[in-house]
Amino acid sequence: MFTHLEAETSRALAAYLQEKYELTAPVVTEQPKDPAFGELALPAAFALAKQLRKAPKAIAEELAAGLRGVPGIAAVEVAGAGYLNLRFDRGAYAEGLLRGYERAGAPPAGKVIVEHTNINPNKAAHIGHLRNSVLGDTFVRMLRGAGRTVEIQNYIDNTGVQVADVVVGFRYLEKKSAEEVAALARAPKFDYYCWDLYARMSAYYTDNPEAIQWRRDTLHAIEHGEGELAALGHLVADAIVECHLTTMWRLGIAYDVLPRESEILHLAFWSTAFEQLKERKAVYLVEDGKNKGCWVMAAHHFRDHAGEEAGDDDAKVIVRSNGTVTYVGKDIAYQLWKFGLLGKDFHYRPLRTYPDGHVAWVAAPDEGDPAAPGFGGGTEVYNVIDSRQSYLQDVVVAGLRALGYEEQAERSVHFSYEMVALSPRTCVELGIPLSEEDKAKPYVEVSGRKGLGVKADDLIDKLIEKAKAEVDARHADKPADERLRVATQIATGALRYFLLKFTRNTVIAFDLQEALSFEGETGPYVQYAAVRARNILRKLEERGETLPDFAAALTGASLGRQLAAEEFWQLLLNASKSEKALKTALESGEPAQFARYAFTLAQAFNAFYHDFPILAEKDPEKRTFLLWLASYFHSQLERTLAILCIPAPDYM
RNA sequence: GGGACCGUAGCUCAGCUGGAUAGAGCAUCUGCCUUCUAAGCAGAGGGUCGCAGGUUCGAGUCCUGCCGGUCCUACCA
């Protein structure tokens with residue numbers, strides 16, 4: 001409703017500008033800082049002052065006339081130095097919300113592909129991976145909330161160095177047979193086991209540099225899919241992927257398809273892309289210098305300031321002198337596939353059916369399942385990858401551009417975010433040893449190689465444990481399994497909100513105490529508001545009453561009477577802005593903005609809840625109105641929480 | 001050396017494409033449970049928006065320089 005009026009206002013003013021001044025300018029609308037100024041503000045007069053050579057205030061007076069007839073607008077005022085402030089017809093606005101209104105405009109066609117998670121399948125997921133997944137998953141839900149079709153991809157680098165290192169660890173460090181590893185992989189917490197092994201193996205390389213040859217041999221075997229080392233690689237990677245899927249599902253995160261590097265190699269995606277790149281002269285063979293014998297992409301493709309004269313040494317190596325392709329090269333091929341530009345496709349088999357019936361598919365080594373849906377072929381692609389990889393993401397986009405896929409390059413978005421580090425205090429708390437150098441830093445970077453970090457499952461367990469204690473203290477009368485379920489929901493809400501409250505380019509210095517907080521700007525705060533709203537409605541039923549048929553019981557006139565009270569109007573207005581909040585958050589690509597809206601919505605409701613004992617209200621019209629407001633808040637809170645994938649518990 | 005990001009209250013962070021009196025949470029202090037659950041509400045204190053210039057009706061927001069911090073800049077991923 002709010003966005004509808006906003007659009008109508010902009011359209012009316014644009015038409016008026018055209019008619020009166022023959023100007024075609026985009027109309028900017030703002031939400032006034034002070035609610036006393038009204039619901040919408042237009043600073044248009046300021047922008048026109050120079051062109052029309054008149055004082056902004058005088059222009060605003062003229063423009064006001066063009067807005068007076070807009071349906072739903074009750075008043076147009078000129079304020080300040082030349083603002084146009086609009087006031088809505090409160091009764092009509094509420095009636096629009098009550099009776100439902102048509103959402104204007106269909107969402108853009110085409111499939112959006114969002115790639116997120118992408119954890120190397122060689123160790124347990126940690127807090128940094130969670131930020132990626134929660135950010136990606138929430139963004140997906142926001143897009144779907146706005147009506148877009150979205151496909152979620154989780155790329156599995158199952159043939160990389162990291163998997164190889166764990167295989168080396170099993171084979172040479174622990175001297176385990178394939179059967180022994182298989183037994184470990186079937187046991188719980190295989191990902192934890194590998195976490196430690198990977199850290200030990202990394203340390204071993206440092207002390208025994210000659211061991212690097214093991215890595216080379218193993219990597220070669222894995223890449224070529226040959227022998228028992230390759231089989232071991234698959235065994236490890238597949239088992240770890242299962243662990244990751246399970247961990248992520250604890251937070252409600254699921255995937256549509258898991259493309260894998262092994263199939264990208266097997267199906268020779270790269271050679272197809274390589275032919276295209278050579279043909280378009282996007283890459284060339286270096287004859288001399290440090291990159292001699294490599295196929296490289298010239299720096300000017302991906303760096304703004306690099307001139308054509310930038311040398312071979314600045315170029316990005318795509319194919320090594322030994323003929324193997326780098327990760328970026330494969331990534332270019334993969335990005336082409338995402339847009340349906342490669343002319344090749346994976347085979348797929350179902351990997352997992354989630355409890356809600358959703359199926360995640362995975363790239364299959366051979367024929368695959370004919371029932372598989374079509375994947376890839378998107379019109380927009382978002383890659384949720386941390387900001388440290390922006391250089392490589394630039395190269396990928398440059399690859400598309402160099403091939404002439406300008407439009408797809410434009411629609412390739414590196415949805416970047418800053419890393420999650422650990423606050424020194426939290427390191428101490430977790431018993432992580434810190435060097436003197438680390439202690440002086442504002443935060444300590446997590447490192448899988450060093451085995452330094454907070455594992456996702458550990459953190460979730462801790463949150464559940466804490467929430468369980470709170471629930472137990474408050475609801476000792478409820479069944480234990482139910483209390484555990486509620487505690488799990490609270491933990492999920494706390495964690496998802498915590499990871500979302502920071503904007504993407506803020507480094508999170510993870511602080512355990514802060515993350516474990518359920519008060520203030522947190523997920524549980526928002527959940528609590530939803531629970532309270534529901535309690536009012538439930539209490540009503542417990543008293544033998546039924547919820548009124550609001551559409552019949554409330555009219556524009558009665559709504560107008562009640563909304564004459566400023567506080568009621570502000571509450572309703574606030575509650576009605578979820579669509580607006582979603583729109584601006586999507587435009588800026590910041591899930592944090594939408595999370596923040598959820599918080600302000602909960603704040604508004606909590607104030608309302610405190611100030612107006614609804615069930616005790618004596619005046620019938622007011623009571624009906626308050627009930628409607630409460631149920632409207634309730635539905636808005638639940639809708640908002642649903643998009644954030646924060647569960648709404650039955651009680652707290 | 002080159003590129004990118006960050007610097008806002010004691011702490012952690014918001015501040016949408018430049019707009020009206022710079023916000024929130026935490027922490028500190030003071031009130032509020034006989035009421036639809038206090039995981040809550042109300043209030044107080046707390047600011048040279050790193051520094052200096054510039055652009056204009058208007059700058060936390062844009063430009064330049066400086067100071068401080070971080071990341072990237074592999075024939076690793």
Side-chain angles (χ1 to χ4, degrees), chain A residues 26 28 30-34 37 41 43 46 49-50 55-56 79-83 85 120 157 160-162 215 219 261 290-296 303-306 314 316-322 324-328 330-331 386-392 394 416 418-419 421 423 441-443 445 467 470-471 474-475 490 494 501-503 505-509 511 513-514 517-522 524-525 527-529 531-540 542-543 581 583-585 587-588 590 592-593 596 599-600 602-603 606-607 609-616 630 651-652:
Chain A
V28 176
E30 293 169 7
Q31 300 180 61
K33 198 149 244 177
D34 186 340
F37 294 144
F46 296 111
K50 192 170 256 178
Y83 272 100
N85 289 336
N120 264 301
D157 181 7
V161 183
Q162 296 209 21
R215 172 196 274 175
L219 189 59
E261 187 163 77
K290 71 166 189 176
N291 289 334
K292 182 177 178 186
C294 297
W295 286 86
V296 302
R303 211 173 282 158
D304 287 347
H305 303 289
D314 286 338
K316 174 67 198 168
V317 172
I318 305 296
V319 177
R320 304 182 185 103
S321 54
N322 66 5
T324 59
V325 58
T326 59
Y327 183 83
V328 207
K330 284 176 274 193
D331 229 18
D386 84 79
S387 62
R388 286 172 291 192
Q389 299 200 42
S390 61
Y391 168 67
L392 296 175
D394 286 348
S416 73
E418 278 289 348
M419 64 180 171
S423 74
K441 289 183 176 175
Y443 47 78
E445 206 171 330
E470 300 277 346
V471 176
R474 282 158 227 242
H475 302 282
I490 292 168
K501 69 193 277 194
F502 303 91
T503 50
N505 64 358
T506 298
V507 177
I508 299 180
D511 188 86
Q513 282 185 35
E514 220 178 294
S517 168
F518 297 157
E519 287 165 22
E521 198 198 335
T522 64
Y525 177 95
Q527 292 174 309
Y528 190 57
V531 165
R532 287 173 132 190
R534 225 180 72 103
N535 276 353
I536 296 172
L537 308 176
R538 186 162 56 198
K539 208 78 178 182
L540 188 78
E542 282 173 16
R543 292 186 184 186
K583 187 166 167 257
T584 54
E587 278 165 3
S588 59
E590 282 291 4
Q593 281 183 11
R596 193 162 284 270
F599 174 65
T600 60
Q603 263 185 324
N606 274 331
Y609 181 90
H610 182 264
D611 292 344
F612 302 97
I614 296 165
L615 298 181
Y651 53 85
M652 282 177 76

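Order of the sequence lines fixes the chain letters, A, B, ..., with proteins taken first and strands second; residue numbering starts at 1 for each chain. Predicted model only: the values in this text are computed from it and were never measured.
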>> Do A/Tyr525 and A/Asn606 pair up side chain to side chain, a donor and an acceptor below 3.5 Å, judged on atom types alone?
In response: yes
Indicate, with a heavy-atom threshold strictly under 4.0 Å, whether [X] touches base, sugar-phosphate, or nothing.
{"X": "A/Ala41", "answer": "base"}
{"X": "A/Lys583", "answer": "nothing"}
{"X": "A/Ile490", "answer": "base"}
{"X": "A/Val471", "answer": "base"}
{"X": "A/Gln31", "answer": "nothing"}
{"X": "A/Asp386", "answer": "nothing"}
{"X": "A/Leu540", "answer": "nothing"}
{"X": "A/Tyr443", "answer": "sugar-phosphate"}
{"X": "A/Glu445", "answer": "sugar-phosphate"}
{"X": "A/Asn120", "answer": "sugar-phosphate"}

Interatomic distance, [X] [atom1] vs [N] [atom2] [rounded to whole Å]:
{"X": "A/Leu392", "N": "B/A77", "atom1": "CG", "atom2": "P", "result": "9 Å"}
{"X": "A/Glu418", "N": "B/G69", "atom1": "CD", "atom2": "C1'", "result": "12 Å"}
{"X": "A/Tyr525", "N": "B/G25", "atom1": "OH", "atom2": "C1'", "result": "10 Å"}
{"X": "A/Leu219", "N": "B/A77", "atom1": "CG", "atom2": "P", "result": "8 Å"}
{"X": "A/Asn291", "N": "B/C75", "atom1": "CG", "atom2": "P", "result": "6 Å"}
{"X": "A/Glu519", "N": "B/G40", "atom1": "CD", "atom2": "P", "result": "5 Å"}

>> If you go through the side-chain atoms of A/Asn85, does one of them form a donor-acceptor pair with the base of B/A20 closer than 3.5 Å?
In response: yes
> If you take atom types as modelled and just measure distance, does the side chain of A/Ser321 reach the base of B/C75 with a donor-acceptor pair under 3.5 Å?
Replying inline: yes
What N/O pairs connect the protein and nucleotides 33-38 of chain B at under 3.5 Å? Give each pair on its own line.
residue : atom : partner  : partner atom : Å
B/C36   : N3   : A/Ile614 : N            : 3.2
B/C36   : N4   : A/Tyr609 : O            : 2.3
B/C36   : N4   : A/Phe612 : O            : 2.4
B/C36   : N4   : A/Pro613 : N            : 3.4
B/U37   : OP1  : A/Asn535 : ND2          : 3.3
B/U37   : O5'  : A/Tyr609 : OH           : 3.3
B/U37   : O2'  : A/Tyr528 : OH           : 2.2
B/U37   : N3   : A/Met652 : O            : 2.6
B/U37   : O4   : A/Met652 : N            : 2.7
B/U37   : O4   : A/Met652 : O            : 2.8
B/A38   : OP2  : A/Arg532 : NH2          : 2.7

>> If I pick the P atom on B/G60 and the same atom on B/G54, what distance separates them, to the nearest angstrom?
In response: 15 Å
> Quantified in whole Å, what is the P atom distance between nucleotide B/A22 and nucleotide B/U28?
Replying inline: 27 Å
> Which label fits B/C49, syn or anti, where anti is any glycosidic angle not within 90° of 0?
Replying inline: anti
Closest nucleotide among [options] to the [X] side chain:
{"X": "A/Phe46", "options": "B/C41, B/A77, B/C57", "answer": "B/C57"}
{"X": "A/Asp157", "options": "B/U70, B/A77, B/A20", "answer": "B/A77"}
{"X": "A/Thr584", "options": "B/C16, B/A39, B/U17", "answer": "B/C16"}
{"X": "A/Arg388", "options": "B/C71, B/G40, B/C75", "answer": "B/C71"}

> Can you give the dot-bracket line for RNA chain B, where a pair is Watson-Crick or G-U wobble with both atom distances under 3.5 Å, crossing pairs use [ ], and | marks a partner on another strand?
Replying inline: (((((((..((((.....[...)))).(((((.......))))).....(((((..]....))))))))))))....
> When you check the gap from the basic side-chain N to the acidic O, do A/Glu445 and A/Arg388 get nearer than 4.0 Å?
Replying inline: yes
> When rounded to the nearest 0.5 angstrom, what distance separates CG in A/Asn505 from CD in A/Glu418?
Replying inline: 7.0 Å
Report each atom pair, protein N/O against N/O of nucleotides 11-14 of chain B, whose distance is under 3.5 angstrom.
residue : atom : partner  : partner atom : Å
B/U12   : O2'  : A/Glu514 : OE2          : 3.4
B/C13   : OP1  : A/Val507 : O            : 3.2
B/A14   : OP1  : A/Thr503 : N            : 3.0
B/A14   : OP1  : A/Thr503 : OG1          : 2.1
B/A14   : OP1  : A/Thr506 : OG1          : 2.4
B/A14   : O2'  : A/Arg596 : NE           : 3.0

